[in-house]
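This report concerns only the one structure given below.
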Amino acid sequence: QVQLVESGGGSVQSGGSLRLSCAVAGHTYSIYSIYSMAWFRQAPGKEREEVARIRKSNGAADYDDSVKGRFTISQDIPKNALFLEMNSLKPEDTAMYYCAATSISRWPPRSDDFQYWGQGTQVTISS
């Protein structure tokens, strides 16, 4: 099994930046078997949405149009970590942000492919 723990959330003003981290822990083989990871977010009263995803083998990344050019997803494989650098933040970026991982070998992954989820970290952007 894999455990994911997010950190780095907080409250910043519009135009500011935050860097989210996701620590990956668990059985060595389960971590090795991760194929891709992603960041999702969910704002109050809204459906969960994927904002960025990354393929572990080559670092290929995709972004939702709403964050393209402002957010950057990255990984540190030796340290079992995932990151989301968020710049030019807007009030509409306010949400709980979740880290997710899947061992299913599909790219791009479907939202329901993600088997492992963190507890989330809150991001609040004030205008």
Side-chain angles (χ1 to χ4, degrees):
Q1 295 301 312
V2 172
Q3 294 83 46
L4 305 175
V5 180
E6 303 93 337
S7 62
S11 298
V12 299
Q13 290 191 329
S14 181
S17 299
L18 283 172
R19 187 180 193 233
L20 305 184
S21 299
C22 174
V24 183
H27 193 276
T28 300
Y29 180 77
S30 295
I31 295 174
Y32 175 81
S33 299
I34 291 173
Y35 186 80
S36 64
M37 297 190 70
W39 288 97
F40 288 78
R41 68 185 180 187
Q42 187 167 22
K46 294 188 177 181
E47 292 188 358
R48 186 179 62 197
E49 62 176 353
E50 183 182 54
V51 296
R53 57 192 172 211
I54 189 166
R55 183 163 52 185
K56 183 180 175 183
S57 61
N58 62 2
D62 286 334
Y63 299 89
D64 185 81
D65 286 345
S66 65
V67 305
K68 201 171 291 183
R70 300 188 298 122
F71 290 12
T72 303
I73 189 172
S74 62
Q75 59 186 359
D76 186 332
I77 294 174
K79 294 185 177 179
N80 292 328
L82 181 73
F83 305 100
L84 185 68
E85 186 76 34
M86 306 186 296
N87 298 312
S88 301
L89 284 162
K90 305 175 182 180
E92 51 263 45
D93 294 318
T94 295
M96 184 71 79
Y97 282 71
Y98 299 91
C99 170
T102 178
S103 60
I104 296 174
S105 303
R106 183 185 1 243
W107 185 263
R110 299 189 324 208
S111 292
D112 59 4
D113 284 346
F114 290 94
Q115 304 133 307
Y116 309 109
W117 293 85
Q119 293 300 307
T121 185
Q122 178 66 39
V123 171
T124 302
I125 312 302
S126 58
S127 58

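Reckoned from all heavy atoms, side chains included, excluding hydrogens, waters and symmetry mates. What you are looking at is a predicted structure, and each value in this text was computed from that prediction instead of being measured.
The hydrophobic clustering, which links ILVMFWY residues whose side-chain heavy atoms are closer than 4.5 Å, places Ile31 and Phe114 apart.
For Trp117, the ring-ring contact (aromatic ring centres under 6.0 Å, His included) test picks out Phe40, with sequence neighbours left out. Evaluation of the side-chain hydrogen bond (donor to acceptor under 3.5 Å, both in side chains) rule for Glu50 yields Arg53 as partners, not counting sequence neighbours. When the salt bridge (charged side-chain N to carboxylate O under 4.0 Å, His left out) test is applied to Lys68, the partners found at least two apart in sequence or on another chain are Asp65.
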With a 3.5 Å cut-off and sequence neighbours excluded, list the donor-acceptor pairs that the side chains of residues 72-88 form with protein atoms.
| from | atom 1 | to | atom 2 | distance (Å) |
| --- | --- | --- | --- | --- |
| Gln75 | NE2 | Lys56 | O | 3.1 |
| Asp76 | OD1 | Lys79 | N | 3.2 |
| Asn87 | OD1 | Ser17 | OG | 2.8 |

What donor-acceptor contacts under 3.5 angstrom involve side-chain atoms of residues 18-28, with partners at least two apart or in another chain?
| from | atom 1 | to | atom 2 | distance (Å) |
| --- | --- | --- | --- | --- |
| His27 | ND1 | Tyr29 | N | 3.1 |

Listed pairs under 3.5 Å, donor-acceptor, residues 95-105 side chains, sequence neighbours left out:
| from | atom 1 | to | atom 2 | distance (Å) |
| --- | --- | --- | --- | --- |
| Tyr97 | OH | Arg41 | NH1 | 2.9 |
| Tyr97 | OH | Asp93 | O | 2.6 |
| Thr102 | OG1 | Ile104 | N | 3.0 |
| Thr102 | OG1 | Asp113 | O | 2.8 |
| Thr102 | OG1 | Gln115 | OE1 | 3.3 |
| Ser103 | OG | Gln115 | OE1 | 3.2 |
| Ser103 | OG | Gln115 | NE2 | 3.0 |

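Residues Tyr63 and Ile54 fail the side-chain proximity criterion, which asks for heavy atoms closer than 4.5 Å. At least one side-chain heavy atom of Trp107 sits under 4.5 Å from a side-chain heavy atom of Asp62.
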Q.
Apply side chain to side chain contact (heavy atoms under 4.5 Å, CB included) to residues Ile125 and Val12 and explain how you reach the verdict.
A. CA-CA 5 Å; Ile125 312 302; Val12 299; 3.3 Å; yes
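A distance-only check finds a donor-acceptor pair linking the side chain of Ser30 to the backbone of Gln1 [under 3.5 Å]. With hydrogens and angles disregarded, no donor-acceptor distance shorter than 3.5 Å links the side chain of Gln119 to the backbone of Glu6.
In this structure, CD in Gln13 is found 9.0 Å from OG in Ser127, a value given to the nearest 0.5 Å. With rounding to the nearest 0.5 angstrom, the OG atom of Ser11 is 7.5 Å from the CD atom of Gln122.
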